[in-house]
Structures are given as C-alpha cells and as structure tokens.
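First comes the structure, then the notes that go with it.
Protein chains get the first letters and strands the later ones, always in sequence-line order, with residue 1 at the start of each. Basis for what follows: all heavy atoms, side chains included, without hydrogens, waters or symmetry-related copies.
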Amino acid sequence: MAALALAVFWIHVLLIAAAAGQDLRDLVRLRRLLRPLTSPREGVVGLMRATVVRGDGPANTLARNVVEQVGRGKGDGTLYFSDAAHRSEIHGGALELGDGARVELGAVASDAALVWPDLATRAKVAAPSSSEQVTRAEPEARRAKGFQRAVQVELTTGQQVWIAGSWSSLPAVNQSTKASASGREALARAENTHAGSWRIEPGVAGQLLLSAIDPRRWLARKCWLIVAFILGAIAVAAACTVAALWPPLFDWVSMLGAGAALGFFLGVQPVGVSLNERVRTPDRAYLRGTWST
Amino acid sequence: MPGTFLVRRREEWRQIGIVAVYWGLLGAMFFVPAARNVFVFAGACYFSFLNSVVIHNHMHQGVFHSKRLNLLWRAILSFGALYPASANIPAHNLVHHHFDDDGDLDWAAPEHVRFRWNLLNLLHFPNVAGPRTFAGVQRWAASSRHPTFVNQYRLETAFAFGLTGLLFVIDFWTALFFVVIPQLYGARCILRINLIQHDGAVVDSEWNHSRNFVGRGFNWIMCNNGYHTIHHNRAGMHWSELAPAHQREVVPRMDPRLDERSMVWYLLRTYLLHPLRPAIGAQADAPAAQDDSLAPREARRAAADDSALAESTLAVS
C-alpha cells in the first residue's frame, strides 16, 4: 500500500511538473520567434524597439489591450472583479525606429493581434478614481449581471514600444530623396515618399506583437520561474520520499515524511495552477482585483 | 409531508444506502485489520466515487424533507470526499452547468489539460480542475448573496478535516492508506467525470454539450448520472426522472455519437486504445435541436441560484 501511495504521489508530481513544462515550451518557442534585430530585414521575423508616431485608432491610439470584467458585491463596500474576456486591438499607424526609419502598420485582425500592456499601468487604470465611483457601481454589482466594465490600456503617440512581426520594405516613391537623406530628416522633408520605410505584418506564429514592456526579458523571467518550480517540486517530492522511506519504516521520521508528502501533494496542485496563471502572456494575464470604498 | 418517511422520494434510500455502504467499508478497514485487503479497499474507492455522485445529486435537490437534516447530510458527505459538499453550488450548479464563469472558462473545462497522450489528461485533470474550483469558490463566496454559504462551507470543512484528523491521531498509517486515499480517489474521480462527459463535445450547443452513458446497470448504481445532457438542460429535474426525459427530449435532437452504452468501453477506447486525444467530434446543433423548449442559459443559471439559495436557507423552511 505504501508503494502504491508513493507511486501515485510521484505520477502526479511529475504530471504537474510536465504541465509546467508545457508552459515553459510555449514561452521558449515564443521567445525564439522574437529574435532581436538591430535593423529590419526584408522577409525576416523579429523584434525591434520603436516610438509610436501616429495612431489611426480613436484618440490617436496605435493599439490597445482590453480586459472585460464583471464586478460583483453584496453591498458591504467591496466589489470583486472577474475577467470575462481579454482582447488585443491593433488599429494601425506608424512608428519610428532608433535609426529614424519609419514603420507603417495597418490595422490587424483581432485574432492576429497581440498587445502586451505594462501590467503595473493596467493595474493603475483598473483602480477606482474615487470612493464615490465604488459607491455608484455597487447597485449594479449586486444585480445578477453584475457591474460590467472594460479596462483599456492604450499604446499612443510618443510611447516607446517593442514590435515584432514580419518585416518588409516599402517601395521608395522618390529615390532621390532616399539617396540624399535618411531617417527623420528624410521623413520630415518628404513626408509622402516612404524613404527608408518599412511595413510590418503578422509573422510571430501568425501574429503581430506590440508590447509596452521588453517581451524577451518578461519571457526570460517567466521561463526561469517555471524552471525553478519544476526543480523545486521534484526536489521537495524527493525529500518527502526519502523521509517517508527512512528506516525503520513506519516509525516517526517515516510518518513525518508521509505526512509531508500528503501535504505537498495537496499543496503543489494549487501552486501549479497559480504558476500557470502567472505565466499567461500579458495580453491575456488575469487582472481580477477588488474595489473598496 | 407528502411522499415518504424522512426522504422526499423513496429513490433517495438508494443514495443513503450508497453512503452507508461507503462508511461501512471505511469503518471496517479502519477498525478491523482483516478487512484491510485489496477487495475492500477497491470497494471503498468505488463507493467514494459514488459518495461524490450523491453529493452532486444532493446539492441539486436535498435528500430529506428537513432542511436542517439536509445541511447535516452535506457534512457527512463532505467527510466521504474530503471536501466541503457546498462547493458544488458555485462550482457545479452555477458555473459548470452553464460552461461559463462570467465569460471566462468553466473551472472544470476540458481545455485546462493539453497533453497529446490522452491518458495523461485523464490522470492530470483533477490536479488542475480541483485548485481552479476551490479558488473559484473562494472568489464567488466573497461576493455571494447566499447569506449562510460561508458558515455552512466552514462547518463542512471542519467536520471533514476534523474527523479525518482525528483518525490520523488514532492511527496515522491506517487513516492515510485506508481512509484518505479512498476519500481523495472519489473526489478526484468526480472531477475526471467532467473531462469524460465533455471532452470533444460542443459546449456552445444546447444538445451536443455532453456525452451520455446509457447502460441500465451503470445508471442504477450511478443514480442516473449517465444521462448528462438532460441533467445539464433541466437541472431541476430529479435524477430518478432523467432516463425517460433523455429518450424524449435529448435523443431526437442530439448527435447520436454522444450516446455511449458503456463507460468502461469508452474509457478503454479513448484513453488506452487510442493514445492521442481525439479531435472535437460532435456536431453543432441540428436544425431540429434549435427550438425554444429551453430557457436561455442566463435564466437557467438564475433559477439554479434561487434553488440553491432556498435549499441552503433554514429561515425559509
């Protein structure tokens, strides 16, 4: 019976580690696709830093990340939010690379758009502006449908972003302008020429990424977090096993080991799920949260 | 009171019998060394799963006339599964029945597991569905309009873990091997049933969202929990009425591939004989299924919420 219990324990610890490994594989794959480029190259998929110079969306926004939420409360001054949907929208616009080259970006279908907000900014946007706002929302929050809202984080003109997709050069309309000047100067002098201009389209697994944070750094941090979890889970499980099998079997140390194994078995499952939620990419990271008066 | 002595319907004695047998098997293994054998242990594991089936049925419609007795029964059932039975109200009655948590995924949605080797999905499913369920229950409880939910939930937790803890104190190893393992087996199997009943089905559909297991013997011991489509659509219908309702309402409208005669054969076929996870198989609703015989899901959820509230509140009894 003890052998059966230990076998079941290990099967599930390894399954939880393997599920975390699936998340790790996905993030490593994504990071590999986000190859950093020093300058755009024709037909290459990669990541560059740029500044938003024009947004074709409402209020000059280039893109936005939207979290639809439902707030519920029982009238005690606190509202609890759950996330109903996460959406990325790229409206189109233009960006400027570090060397002054211009990048034209068209509107992108929602299933091909990835907009990563800065999560700290998103948390600030989601916070109530005043206790009156909470009080006003409470009656709706008590109804069956709840208090519905959309938390939006926008990428707008002047903002530094990371952009990744498939790069292609725009045909130069005025070659003489391209030859005589480059970068900002050229764009300023010949606004309609597209000199030194690029277009970017979905290419990161069929998607186009616009991010307010360094995506490679974010991915690296999350990958290390997963690696630490996997190694930690296996190490703790091994320690519990050693203790449970400590001679004489079924004596005090063995009993403590078995108790620890049971506790770890019950505890590692929510930790695994919590990790899975924590490594969701920022475009679909849970916001949730509460409002209090 | 109309009907029968103590219970609302005479069929409920079957459920009480299941729980009595389960407690008998646990008690035998704990107190009688000779009963600690593979047959009694396997029986206890199976009846632990049935205990969770009884939790499911009881949380839809209380077994007893007395609401106080129903709340007490929840605590007894909670010990059998080592989780508070009242967790089923938000997790099953309100979220799972409508495949939706305010727009987010059902806490026990098949999508939460994604191994290519399908057997691993079956094994792993409780590791993710369980924690998501309990985290979801905590979030729901924080804003719930059910006034007694938190107290009842705590009482059931205290009883389940208190009694199990007492058994640990009396005899650690016997409690671990012959009580806790069967308890966890049943609780985890009832979570797995969500995967078995919905993986590959179309949850947006009204008649093809679930897989049914229609064997007569299976449904006798499972208290008709094989008829899952009709149970989802008519949550207020008593379990003893599900078989004819399945024939009458579901069979003419459903994709026939979602009716399985044997769960054992389905499990063997899906998780052992075919190692890879099958693609989505069921069709969307056929034209005949698109009728107005069902209330919208929102209305059904509100009705389930009202019903759970009425069952849990002593003041209105």
Side-chain angles (χ1 to χ4, degrees), chain A residues 1-2 4-5 8-9 11-16 18-19 21-23 26 68-76 78-86 141-148 244 249-250 252 254-256 258-259 261-262 265-274 276-277 286 288 290, chain B residues 29 36-38 41 82-83 95 100-105 107 112-117 119-136 138-147 149 164 168 172-178 180-181 184-185 188 298-299 301-302 305-306:
Chain A
M1 187 54 77
L4 174 72
V8 169
F9 170 69
I11 285 169
H12 287 287
V13 170
L14 292 175
L15 280 170
I16 290 164
Q22 289 180 319
D23 290 333
D26 293 348
E68 289 172 15
Q69 290 201 302
V70 180
R72 297 192 181 281
K74 49 189 173 190
D76 59 357
T78 305
L79 267 65
Y80 299 85
F81 287 97
S82 56
D83 294 11
H86 300 88
R142 294 185 67 179
R143 293 197 196 115
K145 277 193 172 178
F147 168 65
Q148 299 182 358
L249 280 181
F250 305 115
W252 278 103
S254 179
M255 193 187 292
L256 287 172
L262 176 63
F265 174 71
L266 297 176
V268 73
Q269 298 170 43
V271 174
V273 169
S274 168
N276 173 264
E277 292 191 351
Y286 280 119
R288 294 183 178 138
T290 55
Chain B
M29 287 194 294
R36 291 170 203 159
N37 60 59
V38 68
F41 177 78
L82 201 56
Y83 75 86
V95 171
D100 173 80
D101 171 24
D102 271 339
D104 201 4
L105 272 183
W107 306 334
H112 290 308
V113 284
R114 53 196 185 104
F115 289 109
R116 289 189 68 212
W117 183 11
L119 179 62
L120 300 187
N121 290 322
L122 187 68
L123 292 172
H124 182 53
F125 192 71
N127 297 333
V128 290
R132 283 179 201 282
T133 294
F134 290 111
Q138 297 292 336
R139 288 197 300 274
W140 178 84
S143 61
S144 165
R145 69 191 181 109
H146 291 224
F149 177 83
T164 306
F168 267 123
F172 178 86
W173 292 106
T174 305
L176 177 64
F177 293 146
F178 300 107
V180 172
I181 289 178
L184 292 178
Y185 177 85
R188 291 168 67 81
E298 258 181 32
R301 177 178 167 134
D305 197 18
D306 289 342

**Message:** I'd like to verify something: which residue of B:F177, B:F178, B:W173 has the highest number of heavy-atom pairs under 4.5 Å with chain A?
**Reply:** B:W173

**Request:** Return yes when atom CZ of A:R142 has more than 12 non-hydrogen atoms of other residues, nucleotides or ligands closer than 6.0 Å, and no otherwise.
**Result:** no

**For chain B, the option from A:D76, A:L4, A:T290, A:D26 that forms the most heavy-atom pairs under 4.5 Å** = A:D26

**Prompt:** Among A:R72, A:Q148, A:Q269, which residue forms the greatest number of heavy-atom pairs with chain B at distances under 4.5 Å?
**Reply:** A:Q269

**Request:** Would you name the heavy atoms of A:A258 and B:F172 that are closest together and state the gap between them?
**Result:** CB-CE2, 3.9 Å

**Request:** Give, as side chain, backbone, both or neither, the part of A:A141 having an atom under 4.5 angstrom from any heavy atom of chain B.
**Result:** neither

**Asked** Could you give the distance from CG (B:L120) to CG (A:L14), rounded to the nearest 0.5 Å?
**Response** 11.0 Å

**Message:** Less than 4.5 Å to any heavy atom of chain A: does that hold for the side chain of B:V38, its backbone, both, or neither?
**Reply:** neither

**Message:** Could you measure the distance from the CG atom of B:L105 to the CG atom of A:D83? Nearest 0.5 Å is fine.
**Reply:** 12.0 Å

**Prompt:** Between the main-chain N or O of B:R114 and the side-chain N or O of A:Q22, is there a donor-acceptor pair closer than 3.5 Å?
**Reply:** yes

**Complete:** When every non-hydrogen atom of B:A142 is compared with those of A:Y80, the smallest separation belongs to O-CE1, 3.4 Å

**Item:** Qualifying residue for side chain to side chain contact (heavy atoms under 4.5 Å, CB included) with B:V128, from A:V273, A:I16, A:N276
**Value:** A:V273

**Item:** Contacting region of A:Y286 [heavy-atom separation from chain B under 4.5 Å]
**Value:** side chain

**Prompt:** With respect to chain B, which residue among A:A2, A:G272, A:A84, A:G146 yields the maximal number of heavy-atom pairs within a distance under 4.5 Å?
**Reply:** A:A84

**Asked** Counting heavy-atom pairs under 4.5 Å to chain B, which of A:G71, A:A144, A:A19 comes out on top?
**Response** A:A19

**Among B:N127, B:D101, B:D104, residue most engaged with chain A (heavy-atom pairs, under 4.5 Å)** = B:N127

**Item:** Side chain / backbone / both / neither for A:L262 at chain B, heavy atoms under 4.5 Å
**Value:** side chain

**Message:** Taking ring-ring contact (aromatic ring centres under 6.0 Å, His included) as the definition, give me every residue that meets it alongside A:F265, ordered by chain and number, with sequence neighbours left out.
**Reply:** A:H12

**Asked** Can you say whether B:L176 sits under 4.5 Å from chain A via the side chain, the backbone, both, or neither, judging by heavy atoms?
**Response** side chain

**Asked** Sequence neighbours excluded, which residues qualify as salt bridge (Lys or Arg N to Asp or Glu O under 4.0 Å) partners of A:R288?
**Response** A:E277

**Asked** Got more than 12 heavy atoms from elsewhere within 6.0 Å of OH, B:Y185?
**Response** no

**Item:** Heavy-atom contact with chain A under 4.5 Å, split by part of B:F115
**Value:** both

**Prompt:** For the residue pair A:S82 and B:D102, what are the closest heavy atoms and their distance?
**Reply:** OG-OD2, 3.6 Å

